[in-house]
Amino acid sequence: MDNTAELKLNGKTFTLPTLEGTEQERAVDVSQLRAQSGYITLDDGYGNTGSCKSKITFIDGDAGILRYRGIPIEVLAEKSSFIEVAHLLINGKLPTSAELTRFSNLLTENELLHEDMKFHFEGFPTSSHPMAILSSMINAVSCFYPELLSGDPKQHFEVESARLLSQVRTIAAFAFRKSRGLPINYPKPALKYTANFLHMMFSNPYQEYALDPVVVRALDLIFLLHADHEQNCSTATVRMVASSKANMFASCAAGVCALWGPLHGGANQAVLEMLDEIHASGDDGSKFINAAKDKKSGKKLMGFGHRVYKNYDPRAKIIKQACDDVLSKLQISDPLLDIANKLEHAALHDSYFVERKLYPNVDFYSGIIMRALKIPTEMFTVIFAIGRMPGWIANYREVMEDNSGRIYRPRQVYVGPVNQTYVPIKERK
Ligand code: ACO
């Protein structure tokens, strides 16, 4: 195969190298194009731009394939756990028993926040969105470990990453307790990652939270399914910040902010609010589907569509199944699930959605499971952030370990005013 591409511009031909990934994804390397020709490439929203080479996650959006480090998501969902998958993503391999014990112990040793962090939570009004608290607190944690912010980050990566992965869930639970005016619960070293989070969220001084294995497994699966998703908005943000050599906490706090938006991780909260609105209005979903097709309505079918998947999101398939299982095991009948099923059926048979290849994404059913697990709606995106942390850390690591890596700095095509004269304030109209 010829491994170059030719580009003709103003009568001149430029030869550009091409490259192929391990899954036969092909790219034209345009890194020297501006130096050679004076042209840059323009790709609004980066839909056709590869920003890096990565060994972590592979997605084939047309075929509906997702693999972490080469292992299909369906296999991991069935056989693995969130912490095992976190090890896989961050360290590049599934852990042996000894490695898993070491990894788990490290998480337990680092689960407590510095006691003074409690005062930081006091400063937020009770109406604060927990994503705002989460991003601020992740950054604040780094102030308590100044030794981690100096020297070579590779040397303290292991403890730094364990601290972040473990404490993100402590911060999330504290933020929730604070928002409800409830006393905080310290983590319990005897509990595993997901069970410990549920304890910190829901135990009360008068009543210990009763851990139900169905609930623990369902939440662990939600974390696992969200653990990485290649160069999405938040992960690309983490890499962008990391490329300036900012520390891991700052980079991942930026990821939390990017995730918060309703077109990204905030969609799981938006889906439930949409289903609630449909239910409250007495609609069975058909009116809403029509509104979602009408651009003037300002409505979208939240939980549908994806930049990369032009097929069923494989995570949505797993979550849909898990949703049915969990609701049946917990003997919950939720009218919102009926509406979601109807919306999905209608959309999958409607030419607007079919032609645009809009399928349910991971957020479409995850909110219904979380509601069944009694997780409040405003915490949905926080749950996503806890799940995504291993992916962010793995991507941070790739950037940090790339010795040839340059700061991420896109260019633009300037379309603003040209060479304006400065008008003194008194003469301005
Ligand atoms: N409802 C109605 N129409 C939609 C939807 C939707 N959910 N999603 C896309 N479309 C339409 C667009 O209006 C556009 O129509 P047009 O061709 O007539 O202009 C067409 O489908 C293509 O959509 P784009 O906006 O170009 O797709 P893009 O890749 O930019 O956006 C996104 C993807 C943001 C996910 C979009 O589908 C969306 O807003 N979905 C709803 C929010 C959501 O569920 N987000 C979660 C994504 S998954 C995640 O982040 C974990």
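Nothing here was measured: the structure is a model prediction, and the numbers come from that model. Every number for a ligand or one of its atoms is a count from 1 in the order of the listing.
Classification of the Phe202-Phe176 ring pair by plane angle, with boundaries at 30° and 60°, yields perpendicular.
A salt bridge links Lys293 to Asp350: one of the charged nitrogens lies within less than 4.0 Å of a carboxylate oxygen. For Glu111 and Arg169, the salt-bridge test passes: some basic side-chain N is under 4.0 Å from an acidic carboxylate O. Between Lys79 and Glu84 there is no salt bridge, since no side-chain nitrogen of the basic residue lies less than 4.0 Å from a carboxylate oxygen of the acidic one.
Closer than 4.0 angstrom to ligand 1 sit non-hydrogen atoms from Leu263, His264, Ala267, Ala292, Lys295, Lys300, Leu301, Met302, Gly303, Phe304, Gly305, His306, Arg307, Tyr352, Arg356, Leu358, Asn361, Val362, Asp363, Phe384.
Within 6.0 Å of NZ on Lys299 lie no more than 12 heavy atoms contributed by other residues, nucleotides or ligands.
Residue pairs that meet the side chain to side chain donor-acceptor pair (under 3.5 Å) test with at least one member in residues 370-380, sequence neighbours left out, are Arg180-Glu378, Asp334-Arg371.
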